[in-house]
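Read through the structure below, which is laid out as structure tokens, and then see the notes.
Computed from heavy atoms alone, side chains included, the values below leave out hydrogens, waters and symmetry copies.
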Amino acid sequence: MTEPSEQTTATRPRAGSASDQDRSERRLTRRGWTLLVSGALFVAFALVGFFIPVPYVAISPGPTYDTLGKDAAGQSVIQVNGHEVFQTSGELRMTTVSLRDGGITLFNALGLWASGRYALAPREEYFKPGETNEQVRQENIQQLQDSQTAAQVAALRRKFPVKVLAKTIVSGSPADKVLAPGDRLLVVNGQTVKEATDVRAALNGTKPGQTVQITFKSDGQAERTVPLTLAQRPDGPEGFMGLTAVDRADVPFDVKISLQDVGGPSAGLMFALAIVDKMEPDDLAGGRHIAGTGEISEKGVVGAIGGISFKVVGAREAGATDFLVPAHNCAEAKTAAPDGLNLIKVSTLDEAITQLENLKAGRPTASC
């Protein structure tokens, strides 16, 4: 019988040979690297999710304030000095939106979104590039002050006359160094000025280089009539004086609106309604819990606002049963209104007053 040669036996592979062990070690090494890389990626993702802020803000329903009530310091939100004030009942609540900015991480954002109470929006929709939170706060305060002034004018002009004042003077313009902010405008180019729009209308048909007469009155001084040689208007062919005019209530009493830590222009309608309710005997709220929103012009036109879907929720949570909605916001408000909240469409201050009178009398109101 022939035996296998030594060479043939030596080359036959055996279990547990060095080549098998090498391959096994290489396979383990690849597994190890896979686990290591996966773990590192997981840790990196966790760190990013927990600690790195994302460029988004979170929006939610904010607090509401009864404009017929008192502020945090215990002062009446609407204060009238020097004129009769009538008894009111019920509430006229202005509504707000809360904006959370800074420190929102990826996991925070996911949690806020999943709660259903918050919405996320890119930060640049609310903050200009390089703008700080303090700058935004100051802008919001200025908008609130402007809305308070417009609300006063819109409410008081229902029963009282208005006067027209110079608001700003353009540097280097014909009006510069002749008039000053706060001067009362009486006559422009032979036309009596009864409201701010009369000033621009008085210059229709004029040309740059033309001289017109303007009569005005500075505080504490007699009326003056001076000639102004018109310049070129940047946005039209007619002559340019270089001033902007505003309406102000011409009344011998003071109306003050006191409300802190709130910003933006959207409380104008509710401020105006509260002034009317206090100064006229009809008791507009009529014991009901009414909320609303809307920017208002000095002529009482109600403009659209942002965040209506959050404001209707905040109003209902505060106990409101009826909500005054700017006409342009009706479609959005309908999609978010909670059960039990009656939406009332308004376009002007007078419309809002009429709708509140209908509500008080049990008549139908204009619905969104």
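- Checking each of Thr64, Thr293, Leu273, Leu259 against Met94 for a side chain to side chain contact (heavy atoms under 4.5 Å, CB included) leaves exactly one that passes, namely Leu259.
- Remark: the Thr365 side chain and the Asn358 side chain contain no N/O donor-acceptor pair separated by less than 3.5 Å.
- Using a cut-off of 4.0 Å between Lys/Arg side-chain N and Asp/Glu carboxylate O, Glu317 and Arg117 are scored as salt-bridged.
- Put simply, CZ on Arg288 and OG1 on Thr321 are 4.5 Å apart, with the number rounded to the nearest 0.5 Å.
- Side-chain contact of Ser258 with Asp71: a donor-acceptor pair under 3.5 Å is present, judged by distance alone.
- Arg137 and Glu134 are joined by a salt bridge, as a carboxylate oxygen and a charged side-chain nitrogen come within less than 4.0 angstrom of each other.
- Ion pair Asp219/Arg184 not flagged as a salt bridge, since none of the NZ, NE, NH1 or NH2 atoms sits closer than 4.0 Å to an Asp/Glu carboxylate oxygen.
- Ile169 and Val226 end up in the same hydrophobic cluster when Ile, Leu, Val, Met, Phe, Trp and Tyr side chains are linked at under 4.5 Å.
- In this structure, Asp339 places its CG atom where only 12 or fewer heavy-atom neighbours from other residues, nucleotides or ligands lie under 6.0 Å away.
- A salt bridge links Glu280 with Arg158: the distance from a Lys NZ or Arg NE/NH1/NH2 to an Asp or Glu carboxylate oxygen falls below 4.0 Å.
- Judged purely by atom type and a 3.5 angstrom limit, Ser309 has no side-chain atom pairing as donor or acceptor with the backbone of Ala336.
- The side chain to side chain contact (heavy atoms under 4.5 Å, CB included) test with Val302 singles out one residue from Ser347, Pro326, Ser297, and that residue is Pro326.
- Using the six-membered ring where Trp is involved, Phe253 and Phe160 have ring planes that are perpendicular, over 60° apart on the 30 and 60° scheme.
- The pair Arg157-Glu195 counts as a salt bridge, with a side-chain nitrogen and a carboxylate oxygen less than 4.0 angstrom apart.
- Checked for salt-bridge contact, Arg248 and Glu298 meet the test: a charged N lies under 4.0 Å from a carboxylate O.
- The same ILVMFWY cluster, assembled from side-chain heavy atoms under 4.5 Å apart, contains both Val77 and Ile290.
- Distance NE2/His289 to CZ/Arg316: 10.5 Å, rounded to 0.5 Å.
- In this structure, the side chain of Asn189 engages the main chain of Ala202 through a donor-acceptor pair within 3.5 Å.
- Side-chain contact check for Thr244 and Lys167: no donor-acceptor pair (N or O, by modelled atom type) lies under 3.5 Å.
- Ser266 and Lys311 share a side-chain donor-acceptor pair at under 3.5 Å.
- Connection of Val162 to Leu243 is not established within any shared hydrophobic cluster, with ILVMFWY side chains joined at heavy-atom distances below 4.5 Å, either directly or through further cluster members.
- Side-chain contact check for Asp283 and Thr88: no donor-acceptor pair (N or O, by modelled atom type) lies under 3.5 Å.
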Would Thr67 and Arg93 count as a side chain to side chain contact (heavy atoms under 4.5 Å, CB included) here? Give the steps.
CA-CA 6 Å; Thr67 56; Arg93 287 193 168 272; over 6 Å; no
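- Here the CG atom belonging to Leu269 is positioned 11.0 Å from the CZ atom belonging to Phe271, to the nearest 0.5 angstrom.
- Residue Lys334 places its NZ atom among 12 or fewer non-hydrogen atoms of other residues, nucleotides or ligands, all under 6.0 Å distant.
- Looking only at atom types and distance, the side chain of Asn342 has a donor-acceptor partner in the side chain of Asp322 under 3.5 Å away.
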